[in-house]
Peer 1: 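Right, I'll just put the structure down here and ask away after.
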Amino acid sequence: MIKVSTNYSWIAAACLLAACGNSASSDKSAVDSTATKAPATASVLPDANLFKDSLDGKPTALYILRNKNNAAVAITNYGARVVSLLVPDKNGVMTDIAVGYDSIGKYIHQPESYFGAIVGRYGNRIAKGRFSLNGKEYKLATNNGPNSLHGGLKGFAAHVWDAKQLNDSTLELTYLSKDQEEGYPGNLQAKVTYTLSGDTVNSLKIDYEATTDKPTVVNLTNHTYFNLNGQGSGTINNHLLQFNADRYTPVDSTLIPTGKIEPVAGTPFDFRQPTAIGARVDSPNQQLKFGKGYDHNFVLNAGKGAGLNLAATVLGDQSGIFMEVWTMEPGIQFYGGNFMSGSNPLKGGKRDDHRTAFCLETQHYPDSPNEPSFPSTVLQPGKQYKTSTVYTFSVKK
Ligand code: BGC
């Protein structure tokens, strides 16, 4: 059972709306006639043999975690990434809700390189690949127009991590990012632990830890692309999304926050009630133009304590799979799959078509190292970076 603060009236609202069938989706109903049916047959896990390889002198493999409800997650140590996540839909059919490839070769060679990955040393963007710490300027590898995205040219996503399966449901992964890797100061020892639980509800917990030997910046997150109707099963436009966020961080044309924190009220960023993802995604809004859709950090409303707070809920319109995201982080990046183009071959012969998945990346805000008013991402030697995020999965009929 996860420990949570439950003082959000909107949670109850979310449950009521979604369960009674008279939900926000009917009046804000989006939208996409290309929606396809959720898979009627049970998803299967990928063939672990197709993940056995070696890269930079380290073996790659696929690790399977299961819980007592038969939910399962497949994780590869290449990028510490979630390859598959199987949970039951409203009919009890095991459904793979994580977009991914069926072999290690595709993870290494296909153009889309963040599926399921742990991204770091700094998740999301740092403006112009530069920041200053203690009066010294650091220059990072830039890989996204003028900016540095998700740690730079390789980032943590393209390294082989050391993996240790602790039991049926827990996998520990470690990675040493050396001083000056991609321009970042300090040897950073990172540890990520995935735990699949099933006591009260199926849940995937991700614990992040890191230490450094020089002052540095850290912002780790998970970049799973979700489709709650099943990966590759069509649009996410009709999924119902809700954020526990009254504010967000608007961006410039290169998706760097302007530094302002603005209310979502009266904008297409208002997801304080469950709303179809696609209902307003193409409305004439400058921020949506910059992101080519949603690609923005939401400022999470403060919870009661320093523990896990509910950040977001999403309901798969066809599967009935209901996901909650709980985190200790102050922000969450909502990326709506705007750059997905159908050019990557997914598991089961599916393709990554435009907006057929979304990411909810719990995080500190993008470009925090250059925005003194944002919560700090600096990690000092002798201190420990420690944060957790939990995704829970239930169903609504
Ligand atoms: C970014 C997007 C980017 C995507 C890559 C997201 O976190 O905000 O701009 O295209 O990651 O998969």
Side-chain angles (χ1 to χ4, degrees), residues 78-83 98-101 106-129 140-158 206 208 218-227 231 236 241 243 245 248-258 269 277 281 287-299 311-312 325 327 329-344 346 351-368 371 374 377 389:
Y78 177 66
R81 50 180 92 218
V82 172
V83 170
V99 169
Y101 300 121
K106 290 184 185 140
Y107 278 100
I108 295 170
H109 298 298
Q110 281 298 314
E112 176 48 64
S113 56
Y114 297 118
F115 287 157
I118 296 295
V119 293
R121 181 177 303 203
Y122 198 96
N124 216 279
R125 291 174 177 79
I126 295 183
K128 302 197 168 56
L140 307 173
T142 51
N143 60 334
N144 187 250
N147 304 321
S148 184
L149 174 68
H150 294 335
L153 300 177
K154 287 180 88 173
F156 290 10
I206 311 181
Y208 302 85
V218 193
N219 192 28
L220 303 181
T221 189
N222 176 275
H223 209 303
T224 293
Y225 285 63
F226 293 99
N227 182 322
Q231 65 112 37
I236 49 149
L241 171 66
F243 282 126
Y248 78 116
T249 51
V251 291
D252 69 14
S253 62
T254 71
L255 300 184
I256 294 293
T258 59
F269 295 86
I277 288 177
V281 66
Q287 284 297 312
L288 290 172
K289 284 200 181 115
F290 285 156
K292 302 195 167 38
Y294 294 105
D295 196 350
H296 294 78
N297 172 65
F298 286 72
V299 173
V325 184
T327 189
E329 288 299 298
I332 193 164
Q333 184 82 13
F334 170 34
Y335 169 60
N338 310 309
F339 298 111
M340 297 174 82
S341 65
S343 50
N344 294 286
L346 307 180
R351 299 204 78 87
D352 64 334
D353 292 325
H354 188 228
R355 295 186 186 151
T356 54
F358 63 90
C359 302
L360 290 177
E361 303 153 60
T362 55
Q363 61 180 8
H364 274 54
Y365 313 158
D367 201 31
S368 296
E371 285 293 350
F374 288 178
T377 50
T389 292

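Each ligand, and each atom within it, is numbered from 1 in the order the structure gives. Note: hydrogens, waters and symmetry copies are ignored here, and every other heavy atom, side chains too, is used.
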Peer 1: Which atoms of ligand 1 have any heavy atom of Arg125 under 4.0 Å away?
Peer 2: 1 (C), 2 (C), 8 (O), 9 (O)
Peer 1: For atom 1 (C) of ligand 1, what is the closest protein heavy atom, and at what distance to 0.1 Å?
Peer 2: Asp295 OD1, 3.5 Å
Peer 1: What protein heavy atom lies closest to atom 4 (C) of ligand 1? Include the residue and the distance to one decimal.
Peer 2: His223 NE2, 3.7 Å
Peer 1: Among Thr221, Asp295, Asn297, find the one that has a side chain to side chain donor-acceptor pair (under 3.5 Å) with Gln333.
Peer 2: Asp295
Peer 1: Tell me whether the centres of the aromatic rings in Phe243 and Phe298 are closer together than 6.0 Å.
Peer 2: yes
Peer 1: Considering non-hydrogen atoms of the protein only, which is the closest contact for atom 12 (O) of ligand 1, and what is the distance?
Peer 2: Tyr225 OH, 2.4 Å
Peer 1: For ligand 1, which atoms, with element, lie under 4.0 Å from some heavy atom of Asn124?
Peer 2: 1 (C), 7 (O), 8 (O)
Peer 1: Ignoring hydrogens and geometry beyond distance, is a side-chain donor-acceptor pair present between Thr254 and Asn147 at under 3.5 Å?
Peer 2: yes
Peer 1: Within ligand 1, which atoms have a heavy atom of Phe339 less than 4.0 Å away?
Peer 2: 9 (O), 10 (O)
Peer 1: What distance do Leu149 atom CG and Arg125 atom CZ have between them, rounded to the nearest 0.5 Å?
Peer 2: 5.0 Å
Peer 1: Is the centre of the Tyr294 ring less than 6.0 Å from the centre of the Phe269 ring?
Peer 2: yes
Peer 1: So, taking the atom named CD1 in Ile118 and the one named OH in Tyr208, what distance separates them when rounded to the nearest 0.5 Å?
Peer 2: 4.0 Å
Peer 1: Around atom 7 (O) of ligand 1, find the nearest protein heavy atom and jot down its residue, atom name and distance.
Peer 2: Glu361 OE1, 2.7 Å
Peer 1: Please identify which atoms of ligand 1 are closer than 4.0 Å to at least one heavy atom of Tyr114.
Peer 2: 5 (C), 12 (O)
